[in-house]
Amino acid sequence: MPKLNENYLKLKDSYLFAEIAHRTAIYTKEHPDKPLIRLGIGDVTRPLGSSILKALHEGVEEMADTATFKGYGPEQGYTETRDAVAAYYKSKGVDVDSDDIFISDGAKSDTGNVTELFAHNNVILIPDPVYPVYVDSNIMCGNQVTYIKGDAENEFLPMPDERQHADIIYICSPNNPTGACYNKEQLKVWVDYALKNEAVILFDAAYEAFISDPELPGSIYAVEGARRCAIEFCSLSKTAGFTGTRCGYTVVPKELVFTASDGQSMSLHAMWNRRQSTKYNGTSYIVQHAAAQVFSSEGIRECRENLEYYKANARLMADTLSELGIRFFGGVHSPYIWFECPDGMDSWECFDYLLEEIQVVGTPGAGFGENGKNYFRLTSFGTYENTQEAMKRFKRLLGK
Ligand SMILES: Cc1ncc(COP(=O)(O)O)c(C=O)c1O
């Protein structure tokens with residue numbers, strides 16, 4: 001009999017979305033005449049831009065001809081795609097070497113797989129609330145994590161405690177679920193803290209494309225010193241509507257060199273390269289060809305149009321909550337609105353209340369960590385019409 005990885009027994013049941021589906025299914029069965037508005041989804045809904053779609057077709061056509069057919073590609077990604085990502089960084093004023101960029105099938109795999117580069121006795125800081133993959137992937141490999149508290153007081157942007165040592169630090173900015181986004185000065189404090197502790201920052205920038213203030217950093221490498229302490233994960237999922245198409249990229253600078261227990265140097269870049277070459281055979285050429293188009297001027301324009309659509313939804317929600325006097329975070333540099341549940345409700349009570357009273361479905365904050373238990377997440381990925389209707393119902397229900 002195999003001995004199993006019993007760390008899986010330590011995982012909390014991932015029942016958030018299953019429970020949401022369960023409660024909404026019961027409600028719909030009992031009230032078939034009351035249509036629901038779903039503002040809980042973390043998935044995009046707008047179609048791919050036309051030039052991006054054209055590139056996807058081109059990739060398919062190349063597979064039909066012996067002269068252009070592609071088999072296994074480089075595990076790290078095609079040069080075309082890596083160069084396109086590097087050029088995108090450059091356009092934002094950030095220097096990233098093309099060969100520090102690893103193309104992948106998305107940020108979820110990479111943020112989960114990165115745990116393999118580290119031993120099991122590190123001090124690992126993870127914000128709470130946050131995208132649950134960081135915690136679960138550490139628990140799966142037997143690691144203990146230390147939570148760093150996000151709350152209204154720190155505007156869901158926890159800062160380092162200088163008295164505490166850390167080896168690995170997860171940062172998600174703009175944050176899922178809170179929508180909070182660190183400014184450059186705040187990130188600099190984290191980078192300086194990491195350098196002082198000889199720690200690594202694992203920076204998830206999956207929502208960088210939603211940042212509309214050029215002063216806010218869309219990459220940790222906008223901060224001096226970050227190349228010596230940070231790995232950055234990014235994704236085309238929300239930027240370009242690739243949640244189903246699948247493509248992301250991870251930057252592992254060659255400067256990330258640490259000392260092994262026997263004194264020899266170990267490069268995280270070389271380790272990640274080895275890991276990917278051993279366990280990953282690359283993102284499909286067809287997808288990478290389309291991904292390269294995402295970063296062309298035409299592709300960026302097309303993606304912006306979709307982002308503007310979502311941002312208009314977010315603005316509408318933010319304006320409505322402001323009008324109703326409900327405290328919220330996010331909604332400006334992020335597709336997420338994170339609001340405080342009214343009247344001291346916890347997030348599941350708030351879920352039931354909104355479902356029963358106005359048939360609006362969102363995501364209870366408890367699913368993102370202990371500190372989310374009195375908060376609720378709405379997303380801007382619905383249609384404008386549905387968002388408008390949902391906000392009308394909010395006003396009806398919560399207006400004084
Ligand atoms: C913070 C964060 N990182 C990563 C991901 C996953 O991205 P991908 O679709 O590229 O795997 C998500 C998806 O919701 C996310 O919210």
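Here, residue 1 is the first one in the sequence, and each next residue gets the next number. Small disclaimer: the values here were computed from a predicted structure and weren't measured. Just so you know, ligand 1 is whichever comes first in the structure, and atom 1 is the first atom listed for that ligand.
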Should you measure from each heavy atom of [X], which atoms of ligand 1 turn up under 4.0 Å away?
| X | answer |
| --- | --- |
| Ser235 | 7 (O), 8 (P), 10 (O) |
| Gly106 | 10 (O), 11 (O) |
| Ser237 | 8 (P), 9 (O), 10 (O) |
| Lys238 | 13 (C), 14 (O) |
| Cys172 | 1 (C) |

Self-check item: atom 6 (C) of ligand 1 [closest protein heavy-atom partner, distance rounded to 0.1 Å]
Solution: Tyr131 OH, 3.2 Å
Exercise. Name the closest protein heavy atom to atom 3 (N) of ligand 1, giving the residue it belongs to and the distance to 0.1 Å.
Key: Asp204 OD2, 2.6 Å
Could you verify whether a donor N or O on one side chain and an acceptor N or O on the other, from [X] and [Y], lie under 3.5 Å apart?
| X | Y | value |
| --- | --- | --- |
| Ser51 | Gln293 | yes |
| Asn138 | Thr115 | no |
| Tyr134 | Asp204 | yes |

Close aromatic pair by centroid cut-off 6.0 Å: [X] and [Y]:
| X | Y | answer |
| --- | --- | --- |
| His333 | Tyr182 | no |
| Phe368 | Tyr375 | no |
| Tyr207 | Tyr336 | yes |

Is the closest N or O pair between [X] and ligand 1 shorter than 3.5 Å?
| X | answer |
| --- | --- |
| Tyr134 | no |
| Lys108 | yes |
| Ser109 | no |

Quiz item: Are any of the heavy atoms in Thr243 under 4.0 Å away from ligand 1?
Solution: no
Quiz item: Do you know which of Leu397, Leu36, Leu398, Ile37 makes side-chain contact (heavy atoms from CB on, under 4.5 Å) with Ile358?
Solution: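 Of the listed options, the one satisfying the test is Leu397.
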Quiz item: Which is it for Tyr207 and ligand 1 at heavy atoms under 4.0 Å: side chain, backbone, both or neither?
Solution: side chain
Practice problem: Answer whether the closest heavy-atom distance between the side chains of Arg315 and Lys311 falls below 4.5 Å. | Solution: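 Yes. Closest side-chain heavy atoms under 4.5 Å.
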